[in-house]
Amino acid sequence: MMKYRLMFVAGCMALAVSAVGQMPGAPAVSIPGVAGPLAAKYKADADRILKAAATDTDGYADLQYLCDHIGKRNSGTPELNTAIQWGADLMRKTGLQNVQVQPVMVPHWVRGDESASLVAPVKKQLHMLGLGMSVGTPKDGITADVVFVHTFDELDAIPDAQVKGKIVVFNPGWHGYGVGATYRAVGPSRAAAKGAVAVLVRSATPLAQQLPHTGALFYDPKQPKVPAAAISIEDALMIERLSKEGPVKVHLQMEAHQDADVQAGNVIGEIPGSEHPEQVVVLGGHIDSWDVGQGAQDDGSGIMATFEAVSLIHKLGLKPKRTIRIVFWVNEENGGAGGRAYRELVGDAVKNHVAAIEMDGGAEKPIGIGYGEFGGVRFTAPPTGKQVFGRGAKFDSASLTAEEKQSFDWLKDITSLLQPIGANTVSPGGGGSDIGPIVSEGVASLSPHTVGEHYFDWHHTEADSFDKVDLEDFRKNIGMLAVVGYVLADMDGTLAGRKGPSSE
């Protein structure tokens with residue numbers, strides 16, 4: 001039991017890191033780049049990189065192949081392992097060295113057939129997607145009255161006897177992905193604790209388009225596992241309206257189940273450092289996706305943009321002093337096994353990682369780079385009560401150490417090189433769930449910031465397809481990642497990181 005309790009807490013913490021790492025859009029604090037010694041030293045190289053990225057076609061073509069010919073890549077599926085082998089072959093073909101597939105065991109959750117419908121006071125098919133890792137219903141499904149709530153506080157205020165045997169419907173509204181993802185992740189166990197037999201949750205998106213969004217849940221091992229699904233905004237609002245009139249009854253049927261774990265792997269390649277090959281700048285994204293759509297923005301765009309950034313550095317003949325390592329992490333969506341396995345792989349050499357860059361927020365127009373775990377509280381992640389920090393909310397520069405202040409100055413200098421593509425800002429707050437295990441050991445974390453205008457319209461849906469990735473925006477992300485990654489791997493100084501509680 002303790003093992004599963006720890007897995008539950010770890011899953012919720014991964015959600016917290018992922019929620020912050022996947023928050024595209026204008027950050028609360030955005031610091032303009034200011035040219036200094038680094039810009040003077042690296043301007044010629046940066047201009048070459050940006051010029052090459054502006055006309056690059058290889059990265060976009062590779063992304064199209066991944067999306068159209070391999071497609072969705074849920075953990076445990078043959079499609080994921082096909083993508084892994086393809087990714088390793090791609091790294092070898094482009095000339096990267098030390099290419100390997102690190103074996104990683106991943107869960108294999110199977111969706112199966114599923115449906116949900118209103119049966120009273122009106123009959124209507126609901127737009128739904130079962131939540132990842134959910135259990136299924138009995139063969140004949142579950143038919144029960146609904147208890148509608150907006151928040152956990154509202155649920156807690158209802159006597160258990162009035163929840164027992166009911167289907168709880170959560171509609172927390174849209175207050176950012178962190179809030180929506182929290183209700184999705186732990187809402188089922190919160191409702192089960194009060195006797196609910198199933199849960200429906202409003203999709204974590206601002207866009208009402210009858211499009212349900214899936215995503216992972218994390219069961220509390222102290223509570224019964226109940227089936228759970230996401231429904232569209234419109235359906236959640238209709239249930240709310242009907243609930244004000246009187247009893248509402250829903251039928252839910254889900255074949256979801258868990259098969260045995262399957263061996264997959266992290267895909268790794270390198271440009272070895274010319275002077276300090278033991279020192280590493282690692283960048284990448286996650287190669288797995290959900291079992292809907294094509295996994296284009298999430299996170300095909302991340303792995304292909306970071307890969308093409310590294311590929312361009314190699315094609316241009318640039319020889320950074322430190323090693324640049326590209327990783328396609330596995331199982332980000334429903335377990336985080338790839339990030340943990342990578343931490344185990346590097347062992348004590350984690351101390352030689354000078355920076356980690358994760359792209360997992362889509363490839364919309366970039367506006368700058370985010371750095372470090374800085375900023376005010378974004379939300380509190382149940383069940384631990386851990387406060388999760390947002391990108392620059394209530395950022396206090398006075399709290400920075402001298403090393404962190406120097407790091408921001410260096411990043412302002414570096415990002416000034418990105419003025420030609422309009423990405424010349426640095427903001428407090430950057431990272432991602434795959435790099436979380438090494439970042440907690442004190443490795444400096446970074447992630448791109450984009451305009452984030454539509455990412456959560458498509459995220460975890462059938463609509464996350466190749467056509468959603470704009471070529472020009474994609475090229476700008478490649479250029480930004482290549483410039484930042486190259487300079488960090490070649491400059492004399494190194495960015496400051498912060499150790500997390502788990503490593504202290």
Quiz prompt | Intermediate values then yes/no, side-chain contact (heavy atoms from CB on, under 4.5 Å), L237 and N171 | solution = CA-CA 8 Å; L237 292 172; N171 181 9; 3.6 Å; yes
Exercise. May I have the step-by-step check of side-chain hydrogen bond (donor to acceptor under 3.5 Å, both in side chains) for S433 and E332, ending in yes or no?
Key: CA-CA 7 Å; S433 58; E332 188 273 346; 2.9 Å; yes
Practice problem: For the pair Y455 and Y177, evaluate ring pair (Phe, Tyr, Trp, His ring centres under 6.0 Å) and give the outcome as yes or no after the intermediate values. | Solution: CA-CA 11 Å; Y455 180 70; Y177 183 65; 8.0 Å; no
Quiz prompt | side-chain contact (heavy atoms from CB on, under 4.5 Å) evaluation trace for L345 with I268 | solution = CA-CA 11 Å; L345 175 72; I268 303 170; 3.7 Å; yes
Exercise. Could you walk me through whether Q85 and D89 pass side-chain hydrogen bond (donor to acceptor under 3.5 Å, both in side chains), step by step?
Key: CA-CA 6 Å; Q85 187 58 56; D89 291 343; 3.1 Å; yes
Practice problem: Go through the steps to decide whether E333 and W290 satisfy the test side-chain hydrogen bond (donor to acceptor under 3.5 Å, both in side chains), and finish with yes or no. | Solution: CA-CA 7 Å; E333 293 292 9; W290 279 113; 3.2 Å; yes
Quiz item: Where do S117 and H251 land on the side-chain hydrogen bond (donor to acceptor under 3.5 Å, both in side chains) test, with the steps shown first?
Solution: CA-CA 5 Å; S117 58; H251 178 75; 5.9 Å; no
Practice problem: Report the C-alpha distance between H449 and Y371 in whole Å, list the side-chain angles of each, state the deciding distance to 0.1 Å, and finish with yes or no for ring pair (Phe, Tyr, Trp, His ring centres under 6.0 Å). | Solution: CA-CA 10 Å; H449 281 176; Y371 160 58; over 10 Å; no
Exercise. Apply side-chain contact (heavy atoms from CB on, under 4.5 Å) to the pair V163 and L155, showing each step before the final yes or no.
Key: CA-CA 9 Å; V163 179; L155 177 65; 4.3 Å; yes
Exercise. Check step by step if side-chain contact (heavy atoms from CB on, under 4.5 Å) holds for L63 and V469.
Key: CA-CA 9 Å; L63 177 59; V469 183; 3.9 Å; yes
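Side chains of M304 and L90 form a contact here, defined as non-hydrogen atoms less than 4.5 Å apart. In this structure the side chain of L242 reaches within 4.5 angstrom of the side chain of P121, judged on heavy atoms. Side-chain contact between Q162 and V147 is absent, with no heavy atoms from C-beta onward closer than 4.5 Å. Contact of the H286 side chain with the I303 side chain is not registered, since no non-hydrogen atoms from C-beta on lie closer than 4.5 Å. You'll find the side chain of L283 stays beyond 4.5 Å of the side chain of E358, heavy atoms only. You'll find the side chain of Q263 stays beyond 4.5 Å of the side chain of N81, heavy atoms only. Side chains of V262 and M105 form no contact here, defined as non-hydrogen atoms less than 4.5 Å apart. In this structure, the side chains of L207 and I233 stay at 4.5 Å or more apart for every pair of heavy atoms.
When all heavy atoms of G295 and S289 are compared, the pair lying nearest together is CA-CB, 3.8 Å. Summarising the geometry of S445 relative to I435, their closest heavy-atom pair is CB-CD1, 4.1 Å, with the distance given to 0.1 Å. Between K194 and I158, the closest heavy-atom pair is NZ-O, 2.8 Å. In terms of heavy atoms, G362 sits closest to Q297 at CA-OE1, 3.2 Å. Between M128 and I231, the shortest heavy-atom contact is CB-CG2, 4.1 Å. Across L481 and P448, no two heavy atoms sit closer than the pair CD2-CG, 3.9 Å.
Remark: V330 pairs with L80, I84, V104, V106, A264, N266, I287 by the side-chain contact (heavy atoms from CB on, under 4.5 Å) rule, at least two apart or across chains. Looking at residues two or more places apart in sequence or on another chain, you find a side chain to side chain donor-acceptor pair (under 3.5 Å) between K468 and S465. Every residue two or more places apart in sequence or in another chain that forms a side-chain contact (heavy atoms from CB on, under 4.5 Å) with P227 is listed here: S134, V135, T137, I142, A198, L252, M254. In this structure, the side-chain contact (heavy atoms from CB on, under 4.5 Å) partners of S243, at least two apart in sequence or on a different chain, are V146, F148, I239, V248. Qualifying side chain to side chain donor-acceptor pair (under 3.5 Å) partners for E234, counting only residues two or more places apart in sequence or in other chains: none. A search for side-chain contact (heavy atoms from CB on, under 4.5 Å) contacts involving P206 returns W174, F456, D457, not counting sequence neighbours.
The distance from the CD1 atom of I31 to the OG atom of S397 is 8.0 Å, given to the nearest 0.5 Å. Between atom OG of residue S427 and atom CD1 of residue I369 there is a gap of 9.5 Å, rounded to the nearest 0.5 Å. Of the inter-residue distances, the one linking Q209 atom CD with S203 atom OG reads 12.0 Å to the nearest 0.5 angstrom. Here the CE-NE2 distance, from M133 to H257, works out to 12.0 Å after rounding to the nearest 0.5 Å. Annotation: the span from I367 atom CD1 to T425 atom OG1 amounts to 5.5 Å, rounded to 0.5 Å. Separating the CG atom in D220 from the CD atom in Q223 is a distance of 5.0 Å, to the nearest 0.5 Å.
Within the structure, salt bridge (Lys or Arg N to Asp or Glu O under 4.0 Å) contacts touching residues 361-372 (residues at least two apart or in different chains) do not occur. Applying the ring pair (Phe, Tyr, Trp, His ring centres under 6.0 Å) definition to pairs two or more places apart or across chains, none involves residues 185-205. Every pair passing salt bridge (Lys or Arg N to Asp or Glu O under 4.0 Å) that includes a residue from residues 118-140 is listed here, sequence neighbours excluded: K124-D235. Applying the salt bridge (Lys or Arg N to Asp or Glu O under 4.0 Å) test to pairs two or more places apart or on separate chains, none has a residue in residues 63-80. For residues 243-265, the salt bridge (Lys or Arg N to Asp or Glu O under 4.0 Å) pairs, not counting sequence neighbours, are D145-K249. The list of ring pair (Phe, Tyr, Trp, His ring centres under 6.0 Å) pairs with a residue in residues 60-89, not counting sequence neighbours, reads Y60-F466, Y60-F474, Y65-H69, Y65-W86.
Partner of H460 under the side chain to side chain donor-acceptor pair (under 3.5 Å) criterion, chosen from D291, T205, D298, T214: D298.
Using a 4.0 Å cut-off between charged nitrogen and carboxylate oxygen, R190 and D156 count as a salt-bridge pair.
With hydrogens and angles ignored, the 3.5 Å screen pairs a side-chain donor or acceptor of N331 with a backbone N or O of A337. The backbone N or O of A230 sits nowhere less than 3.5 Å from a side-chain atom of R184 that would complete a donor-acceptor pair.
Outside the 6.0 Å centre-distance limit, the rings of H150 and Y183 are not counted as a close aromatic pair.
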